[in-house]
Amino acid sequence: MTDENFFEKVYAIARQIPAGRVTTYGAIAEALGTRGSARMVGYAMNGSGSVIPPVPAHRVVNRSGFLTGKRAFHSESLMAELLRNEGVEVLNDQVVDFKHLFWHPLK
DNA sequence: TCCATGACTTCCG
DNA sequence: ACGGAAGCCATGG
């Protein structure tokens, strides 16, 4: 393992996401200072399952509100289940009123 | 060191 | 408005 500073930053912000809220990879990337590394955010989240404390990766979706990362979970439906458990309505692998539930890391 | 991959985003047709 | 292609940064082989 080399310098995992980047991953730690992603995890830190992901853990700052309030329950019942969701954010986008680009927003996190921008909060890190690397706006173009939106893909890396998801890439880092891929290892979030092996990090402690646990990271609410299910609260992170793409800018369209789609659960693009649900495939990385143990079950593809688990991500939607977690969101619903927090009060976030998910329909057809998409967050309902995503625009309204959107949470900005810097805000 | 170079090439290939990816939980994204934006631009162009 | 919709679909396809390019750009982007970090990691691994």
Side-chain angles (χ1 to χ4, degrees):
Chain A
M1 286 311 207
T2 56
D3 188 2
E4 52 185 273
N5 188 357
F6 182 86
F7 282 53
E8 280 299 315
K9 285 183 174 182
V10 177
Y11 302 147
I13 295 180
R15 289 188 289 243
Q16 290 169 38
I17 303 172
R21 299 283 185 167
V22 290
T23 189
T24 67
Y25 303 96
I28 296 176
E30 187 174 68
L32 296 177
T34 52
R35 181 180 173 285
S37 59
R39 303 178 84 164
M40 296 302 89
V41 176
Y43 196 87
M45 295 312 255
N46 195 357
S48 62
S50 303
V51 178
I52 300 174
V55 179
H58 57 275
R59 296 177 189 157
V60 184
V61 296
N62 68 343
R63 82 174 212 81
S64 301
F66 284 94
L67 309 185
T68 52
K70 67 176 189 168
R71 310 180 205 295
F73 285 76
H74 298 134
S75 300
E76 296 187 6
S77 56
L78 178 61
M79 188 171 182
E81 290 290 311
L82 292 170
L83 289 172
R84 289 180 182 179
N85 188 26
E86 296 181 348
V88 179
E89 186 177 0
V90 179
L91 182 63
N92 194 9
D93 298 341
Q94 183 178 22
V95 177
V96 181
D97 290 338
F98 159 74
K99 180 176 60 180
H100 179 65
L101 297 174
F102 178 77
W103 174 84
H104 199 275
L106 302 178
K107 176 184 180 224

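No hydrogens, no waters, no symmetry mates; every other heavy atom, side chains included, goes into these values. Throughout, protein chains are lettered first and strands after them, A, B, ... in sequence-line order, and every chain is numbered starting at 1.
- Heavy-atom contacts from other residues, nucleotides or ligands closer than 6.0 Å to CZ of Arg35(A) number 12 or fewer.
- Considering CD1 of Ile28(A) and OG1 of Thr23(A), their distance stands at 5.0 Å, rounded to 0.5 Å.
- Between Arg35(A) and dT10(B) there is a side-chain N or O to OP1 or OP2 distance below 4.0 Å.
- Rounded to an integer number of Å, the gap from CG of Leu32(A) to P of dC8(B) is 16 Å.
- Checking side-chain atoms of Arg59(A) against main-chain N and O of Ile17(A) turns up a donor-acceptor pair under 3.5 Å.
- Residue Asn62(A) contributes atom CG, which lies 6 Å from atom P of dT9(B) at whole-angstrom precision.
- Separating the CZ atom of Phe7(A) from the P atom of dG12(C) is a distance of 7 Å, rounded to the nearest angstrom.
- Each of Val22(A), Val96(A), Leu101(A) was compared with Leu83(A) under the side chain to side chain contact (heavy atoms under 4.5 Å, CB included) criterion, and only Val22(A) meets it.
- With hydrogens and angles ignored, a donor-acceptor pair under 3.5 angstrom links the side chain of Arg39(A) to the base of dC8(C).
- In the set dT9(B), dA7(B), dG7(C), dA7(B) carries the atom at the smallest distance from any side-chain atom of Thr68(A).
- Closest to the Ala38(A) side chain, of the nucleotides dT9(B), dA7(B), dT11(C), is dT9(B).
- Between Leu83(A) atom CG and dA7(B) atom C1' there is a gap of 13 Å when expressed in whole angstrom units.
- Going from atom CE of Met45(A) over to atom C1' of dC8(B) covers 13 Å, rounded to whole Å.
- If you measure from atom CD of Glu76(A) to atom P of dA7(B), you get 12 Å, rounded to the nearest angstrom.
- For Tyr43(A), taking side-chain heavy atoms from C-beta onward, the closest of the listed nucleotides dT10(B), dA10(C), dT11(C) is dT11(C).
- At the heavy-atom level, Ala57(A) lies under 4.0 Å from base atoms of the strands shown.
- Taking every side-chain heavy atom of Phe6(A) into account, dT11(C) is the closest of dA7(B), dT10(B), dT11(C).
- In this structure, NE2 on His104(A) lies 7.5 Å from OG1 on Thr24(A), to the nearest 0.5 angstrom.
- Distances were taken from every side-chain heavy atom of Ser37(A) (C-beta onward) to each of dA7(B), dT9(B), dC9(C); the shortest belongs to dC9(C).
- Rounding to whole angstrom units, CZ of residue Arg63(A) and P of dT10(B) are separated by 5 Å.
- Rounded to an integer number of Å, the gap from Ile28(A) CD1 to dC9(C) P is 18 Å.
- Counting any heavy atom pair closer than 4.0 Å across all strands shown, Asn46(A) reaches a base atom.
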